J.: 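Once you've had a glance at the structure underneath, I'll fire off some questions.
Predicted model only: the values in this text are computed from it and were never measured.
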Amino acid sequence: MAPRFNKAWHYHTRMVIAGERQPPQPGAPTSTPLYSSTTYFHQSLADFDVALAGTGYAYGRNGNPTNTALEIATATAEAGTGALTTASGMSAIYTAILAVSHLNQRPLRTIVVPRDMYGATTILLRDFVANHGTTVITCDMTNSAEVTAAIHTHQPDIVYIEQLSNPLLRVVDMAQICAAARSVGARTVVDNTIATPIVQQPLTLGADFVCHSATKYFSGHGDSTGGVVVVSDEALMGPLRHINATLGMVLGPFEALQILRGLKTMPLRVMRQCDNAFAIATWLASHSAVSTVHYPGLAQHPDADTAQRTLGGRYGAMVSFELANPQGLRAFVDVLELVLPASTLGDIYTMISIPAMASHRGLSPSERQARGISDSLIRLSVGIESVDDIIADLDGGLHHCRH
Ligand SMILES: Cc1ncc(COP(=O)(O)O)c(C=O)c1O
């Protein structure tokens, strides 16, 4: 029997095979090859025409078979019907925003965004959305009444959501916000990088576009920069492809191959990382050298109820916390042996970063303060190592920073 892809297979099975074995030919490779070609020959001008119209390959900016394999795999990961690969997470977010303007056939009037989100996204919205004439309304999306009121009052073109927010790991009620957005004809664009589809699949809850920094959990090995936009409605793919082919924010095929390889183990890795994070957050919460722990799986987290009610029983693999003695920050970080100081997240390695110095460096101190991001907030991206070793390393650091 020819190899095939069965949609009835379980998630883990589909994630191993998605994007491969297409089409099933005898003697075809079991793993997608790297297509580095920037152009493709055609038997006739008619074939060339078809390829450029989007149903084949013509030129690097319009598509590449290695990228197609990753697009099928990411659509499978997020339960979407189509996906577009982009050069980075930031270009994925910007492409999705531009796609809504393209669909509406006019500049965007208003976009509603959360208060707590990734620093570079804040800068993108400020310098390339608000500065181009769109009104950006900020609200607390974890507050159902506030976000619903903002959507009904401002009738936005886009409701932009980050699930789980960076770095305070706030949780929004995805289904409720998507329904409110839909009721006023707004499109929802969700950055699901930190939650990952293992924690929540926004397209199944009514979202239109899901963006990922594939640099993070999808790649998982800290060796490729990339992005992806996944959609639930095939009709949204046309604008996405048009923008990508025109602006050229395309993902290189080598990175596509690396991310495709990473994605096969994403469910395994992320489940282990979430379990490790839960154990570490619980341990940190009872440590006398720690004053505050932000983790949505803990009862003291402000969104614990929403997390329990709406997430699938896993709460992500990031933990943020504050030291009881903030002056001990440098001493704490400097003695760590296993946990890497690094300004990314989602890799197999456990990494530590200080948002005020890294992901949120581009915001002013008052902007950070308004979001509850102190200069001493520590963000931990939990890896797949033995949880006992991670805890032992953190414990050594915490003993060092008490005085
Ligand atoms: C939540 C989130 N979204 C988007 C991005 C941007 O991704 P990239 O660095 O791949 O452009 C990041 C990067 O850290 C992120 O943390």
J.: Is the F218 ring parallel, tilted or perpendicular to the H212 ring (thresholds 30°, 60°)?
T.: parallel
J.: Is the shortest distance from a Lys or Arg side-chain nitrogen in E162 or R115 to a carboxylate oxygen in the other one below 4.0 Å?
T.: no
J.: So, K216 side chain and G346 main chain: donor-acceptor pair closer than 3.5 Å or not?
T.: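 Not a single qualifying donor-acceptor pair exists.
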J.: Considering residues at least two apart in sequence or located in another chain, which fulfil the side chain to side chain donor-acceptor pair (under 3.5 Å) criterion with R182?
T.: D208
J.: Side chains of T76 and Y11: any donor to acceptor distance under 3.5 Å?
T.: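 No donor-acceptor contact under 3.5 Å links the two side chains.
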J.: Hey, what's the ring geometry for H399 with H287, parallel, tilted or perpendicular (30° and 60° as the breaks)?
T.: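 H399 and H287: perpendicular rings.
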J.: Report the C-alpha distance between E78 and N192 in whole Å, list the side-chain angles of each, state the deciding distance to 0.1 Å, and finish with yes or no for side chain to side chain donor-acceptor pair (under 3.5 Å).
T.: CA-CA 9 Å; E78 278 291 4; N192 204 36; 2.8 Å; yes
J.: How many angstroms lie between CG in D395 and CG in D388, if you round to the nearest 0.5 Å?
T.: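 The distance works out to 11.5 Å.
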J.: Quick one: does D393's side chain have a donor or acceptor within less than 3.5 Å of a partner on V339's backbone?
T.: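 Judged by distance alone, yes, a pair lies under 3.5 Å.
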J.: Is the backbone N or O of A58 less than 3.5 Å from a side-chain atom of T39, with the two atoms forming a donor-acceptor pair by type?
T.: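 Side chain of T39 to backbone of A58, a donor-acceptor pair under 3.5 Å: yes, one is there.
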J.: Going from CD on Q273 to CZ on R314, what distance comes out if it is rounded to the nearest 0.5 angstrom?
T.: 11.5 Å
J.: Under a 3.5 Å threshold, yes or no: a donor from one side chain and an acceptor from the other, between N166 and R379?
T.: yes
J.: Regarding D173 and T306, is there a side-chain donor-to-acceptor distance under 3.5 Å anywhere?
T.: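 Looking only at side-chain atoms, T306 and D173 do not form any donor-acceptor pair under 3.5 Å.
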J.: Is R361 atom CZ crowded by more than 12 heavy atoms from other residues, nucleotides or ligands, each under 6.0 Å away?
T.: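 No, the 6.0 Å shell around CZ holds no more than 12 heavy atoms from other groups.
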J.: Any pair with a residue in residues 134-165 that passes ring pair (Phe, Tyr, Trp, His ring centres under 6.0 Å), sequence neighbours left out, goes on the list, sorted by first then second residue, please.
T.: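 Ring pair (Phe, Tyr, Trp, His ring centres under 6.0 Å) check on residues 134-165 returns no pairs.
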J.: Would you find a donor on one side and an acceptor on the other, under 3.5 Å apart, between the side chain of T135 and the backbone of T110?
T.: no
J.: Fit a plane to each ring of Y118 and H360, take the angle between them on a 0 to 90° scale, and name the class: parallel (under 30°), tilted (30 to 60°) or perpendicular (over 60°).
T.: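 Perpendicular, since the angle between the ring planes exceeds 60°.
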J.: For the residue pair T350 and E385, confirm or rule out a side-chain donor-acceptor distance under 3.5 Å.
T.: yes
J.: Identify, with sequence neighbours excluded, every residue that meets side chain to side chain donor-acceptor pair (under 3.5 Å) alongside Q369.
T.: none
J.: Could you tell me whether the side chains of E322 and H294 share a donor-acceptor contact shorter than 3.5 Å?
T.: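 Per modelled atom types, E322 and H294 side chains form no pair under 3.5 Å.
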J.: Between the main-chain N or O of G222 and the side-chain N or O of D347, is there a donor-acceptor pair closer than 3.5 Å?
T.: yes
J.: In Å, rounded to the nearest 0.5 Å, how long is the span from CG of L260 to CD of E71?
T.: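 The CG atom of L260 sits 11.0 Å away from the CD atom of E71.
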J.: With no hydrogens and no angle check, just 3.5 Å: does a side-chain donor-acceptor pair link D223 and Q258?
T.: yes
